[in-house]
Amino acid sequence: MTQDAPRSTASTPTTPGEPVVDTDDRAARREFDTPGGRVVGRVDGDVVRVLGVPYADADRFEPPRPVAPWSSPLLAFDRAPASPQVASPGLDALIEGAAVGMVDDEHCQRLSITLPTDLLADERVPVMVWIHGGSYVSGAGDLRVYDPRALVAEQRVIVVTVTYRLGMLGFFGVGDQVPANLGLLDQLAAVRWVHDTIEAFGGDASRITLFGQSAGGDAIAHLMISEGARGLFARAIVQSAPLGIVRGRSRMVEAMTEAVGTPRKDAPLDELLAGQSVAERAAKRFGLRGGMAFGVQYGRAPLPAESAADDAWREVAPEIDLLIGATSDETAVFAEFSPLLQRLFGLPVVGRAIRRVMIDATTKAVYHRAGRAFAERHRAAGGRVSTFEFTWEPEGTAFGAAHITELPLLLGGREAWAHTRLIGTTDWDDVDRRGRKVRQVWADFARTGTVAADATAGLADTLVVRR
């Protein structure tokens with residue numbers, strides 16, 4: 001079905017991306033001619049925002065399908081809606097206000113593009129595609145904390161943020177009626193759209209880098225071996241991916257599906273989301289794996305069988321430059337929201353020692369060891385790889401260099417992060433000083449596929465990179 005977007009009142013530009021002045025509100029606009037039709041974005045200071053562009057369509061529990069071309073200009077002025085999700089009180093407490101102004105919609109297959117205002121007509125710059133985290137059950141590509149303005153304006157790259165289906169809608173899976181990996185298939189469709197379309201916005205389709213944190217990093221690792229993904233991106237930045245708990249999950253998945261049953265395609269949304277909580281409770285007895293109950297499933301499209309995954313990663317290693325790593329104290333942030341652990345850590349004399357041992361052990365088990373093994377396999381198979389560790393500990397917090405701590409150095413900016421518990425009492429000028437250098441490292445990797453030997457000069461207490 002053809003999508004009829006509202007018609008723009010803007011004048012027709014002489015070249016794609018030329019500023020256009022609206023005859024009603026006089027707001028500066030930019031128009032882009034894409035294979036799917038004309039898209040209208042809006043100038044926002046030193047960047048251009050093209051928001052909420054559909055990259056696929058999908059009915060509930062069905063794989064995404066390509067979007068039909070639209071017949072009139074698509075006004076891309078509104079953020080992509082989030083996938084419907086269960087509230088996350090712990091995350092809300094940590095990153096206060098992250099979801100302010102967001103709406104949700106099951107038809108959330110949308111992406112947003114941010115590009116420098118002053119790109120030349122014949123210029124092609126590196127493209128960085130952000131896959132958000134949230135344990136595959138929470139978050140959205142257009143949350144304020146993922147605003148890529150600074151990265152785009154400082155480093156002259158294009159950043160695309162992707163929103164995809166989550167939880168019961170995207171990562172449950174019960175046989176053919178409710179296919180697994182629908183959210184991963186959404187991401188794959190988005191990356192394909194970017195590869196095929198981004199040159200219309202000034203992007204270089206041969207220099208596409210996927211970057212993502214937590215479940216987003218895990219998704220990128222699996223996009224590397226997804227059927228149909230080869231050739232769509234050249235580089236991958238995998239941040240804090242819980243690779244230590246994504247294998248050996250079949251018994252847990254069976255327990256979750258037995259607890260929930262087969263969701264009805266026409267079930268009310270509230271009923272589906274209630275089933276998600278049931279599934280998560282069923283997963284709790286599986287230890288650390290149960291901490292991320294939802295996730296990708298091997299042997300279901302687009303992924304190979306679990307037994308074939310290592311060979312698949314070896315096969316693609318020479319084709320994808322990899323930057324992979326984690327923070328020093330990943331699990332400290334999760335322990336903060338466990339009353340039982342807080343009581344244990346508060347014990348006189350031994351509490352602090354117990355906290356240190358537990359956080360160190362779980363961080364290594366879930367993040368560090370598996371991440372190093374992933375990097376070593378990639379290098380041994382002929383791929384270029386660098387590893388990193390974020391060591392930055394914001395002042396005035398109990399978390400240390402914990403999960404999520406690196407995000408304020410890359411995305412979001414002062415308005416999104418400065419008042420959050422994650423930053424504590426750290427002066428924002430200090431955050432920004434570190435962030436400018438980190439953003440340059442990430443963008444240089446997107447440009448070249450490597451990290452220069454002197455790239456982290458001045459970041460000794462923030463970021464350590466090993467080649």
Separation of Asp329 CG from Arg355 CZ (nearest 0.5 Å): 7.5 Å
Val48/Arg42 under side-chain contact (heavy atoms from CB on, under 4.5 Å): CA gap, chis, key distance, verdict: CA-CA 6 Å; Val48 177; Arg42 201 186 293 275; over 6 Å; no
Between Gln440 and Gln155, a side-chain donor and acceptor under 3.5 Å: no
Passing candidate, side chain to side chain donor-acceptor pair (under 3.5 Å) with Arg235, options Thr209, Thr448, Asp321: Asp321
Flag, side chain of Arg281 to backbone of Met256, donor-acceptor distance under 3.5 Å: no
Polar side chain donor-acceptor pair, Gln297 to Arg249, under 3.5 angstrom: no
Expected output: side-chain Glu319 to main-chain Val316 donor-acceptor under 3.5 Å: no
Full working for side-chain contact (heavy atoms from CB on, under 4.5 Å) between Met102 and Leu143: CA-CA 7 Å; Met102 291 297 298; Leu143 293 182; 3.8 Å; yes
From Asp186 atom CG to Ile131 atom CD1, the distance as rounded to the nearest 0.5 Å: 10.5 Å
Beyond-backbone contact of Leu422 with Pro408, side-chain heavy atoms, under 4.5 angstrom: yes
The single option from Asp461, Thr426, Leu459 passing side chain to side chain contact (heavy atoms under 4.5 Å, CB included) against Trp392: Thr426
Check: Thr34 side chain, Gly36 main-chain N or O, donor-acceptor pair, under 3.5 Å: yes
Salt bridge (charged side-chain N to carboxylate O under 4.0 Å, His left out) evaluation trace for Arg414 with Asp429: CA-CA 9 Å; Arg414 183 192 302 266; Asp429 288 340; 3.4 Å; yes
Approximate separation, where rounding is to 0.5 Å, of Gln85 CD and Cys108 SG: 9.5 Å
Under 3.5 Å: donor-acceptor pair, side chain of Arg379, backbone of Phe374: no
Side chain proximity check, Val127 to Val160, heavy atoms < 4.5 angstrom: yes
Check against side-chain contact (heavy atoms from CB on, under 4.5 Å), Val53 and Leu74: CA-CA 8 Å; Val53 178; Leu74 178 71; 4.2 Å; yes
Worked check of salt bridge (charged side-chain N to carboxylate O under 4.0 Å, His left out) between Lys437 and Asp432: CA-CA 9 Å; Lys437 295 180 180 180; Asp432 191 54; over 6 Å; no
Reported CD1-to-CD1 distance for the pair Ile354 and Ile359, which is rounded to 0.5 angstrom: 11.5 Å
Minimal non-hydrogen separation, Val246 against Tyr298, with atom names: O-CE1, 3.4 Å
Test item: Thr117 side-chain N/O and Asp46 main-chain N/O as donor-acceptor pair under 3.5 Å: yes
Backbone N/O of Leu120 and side chain of Glu123: donor-acceptor pair under 3.5 Å: yes
Carboxylate-amine/guanidinium proximity below 4.0 Å for Asp147 and Arg79: no
Minimum heavy-atom distance Leu184-Phe171, with the two atoms named: N-CZ, 3.4 Å
Flag, side chain of Asn181 to backbone of Arg300, donor-acceptor distance under 3.5 Å: yes
Aromatic centroids of Phe334 and His403 separated by under 6.0 Å: yes
Polar side-chain atom of Trp313 near backbone of Ala221 as donor-acceptor pair, under 3.5 Å: yes
Side chain to side chain, Arg30 and Val43, heavy atoms closer than 4.5 Å: yes
Contact summary for Glu389 and Ser328, nearest pair of heavy atoms: OE2-OG, 2.6 Å
Min side-chain heavy-atom separation Leu111-Thr161 under 4.5 Å: no
4.5 Å side-chain heavy-atom contact, Arg352 and Arg356: no
Pair His419 + Trp428: ring centers closer than 6.0 Å: no
Any side-chain donor near an acceptor of the partner, Thr462 and Arg434, under 3.5 Å: yes
Close aromatic pair by centroid cut-off 6.0 Å: Trp130 and Phe211: yes
Minimum heavy-atom distance between Gly400 and Pro394, given as atom pair plus value: O-CD, 3.7 Å
Residue pair Ser112 / Val50, side-chain heavy-atom distance below 4.5 Å: no
Heavy-atom donor-acceptor pair, Tyr146 side chain to Ala140 backbone, under 3.5 Å: no
Closest approach of Arg467 to Ser386 (non-hydrogen atoms, all atoms of both residues): CG-OG, 3.8 Å
Side-chain touch Pro54/Val67, heavy atoms, less than 4.5 angstrom: yes
Greater than 12 external heavy atoms within 6.0 Å of Asp430's CG: yes
Polar side-chain atom of Thr363 near backbone of Glu330 as donor-acceptor pair, under 3.5 Å: yes
Side chain to side chain, Pro81 and Asp104, heavy atoms closer than 4.5 Å: no
Salt bridge (charged side-chain N to carboxylate O under 4.0 Å, His left out) between Asp105 and Arg110, worked out: CA-CA 10 Å; Asp105 191 327; Arg110 303 286 185 269; over 6 Å; no
Interatomic spacing from NE2 in His132 to OG1 in Thr163 - rounded to 0.5 Å: 5.5 Å
Identified side chain to side chain contact (heavy atoms under 4.5 Å, CB included) partner of Phe390 from the options Val464, Thr405, Val438, Leu407: Val438
Point-to-point distance, once rounded to the nearest 0.5 Å, from CD1 of Ile320 to CZ of Arg230: 8.5 Å
Heavy-atom closest contact (Leu169 atom, Leu182 atom, distance): O-CD1, 3.8 Å
Ser83 and Glu106: side chain donor to acceptor below 3.5 Å: no
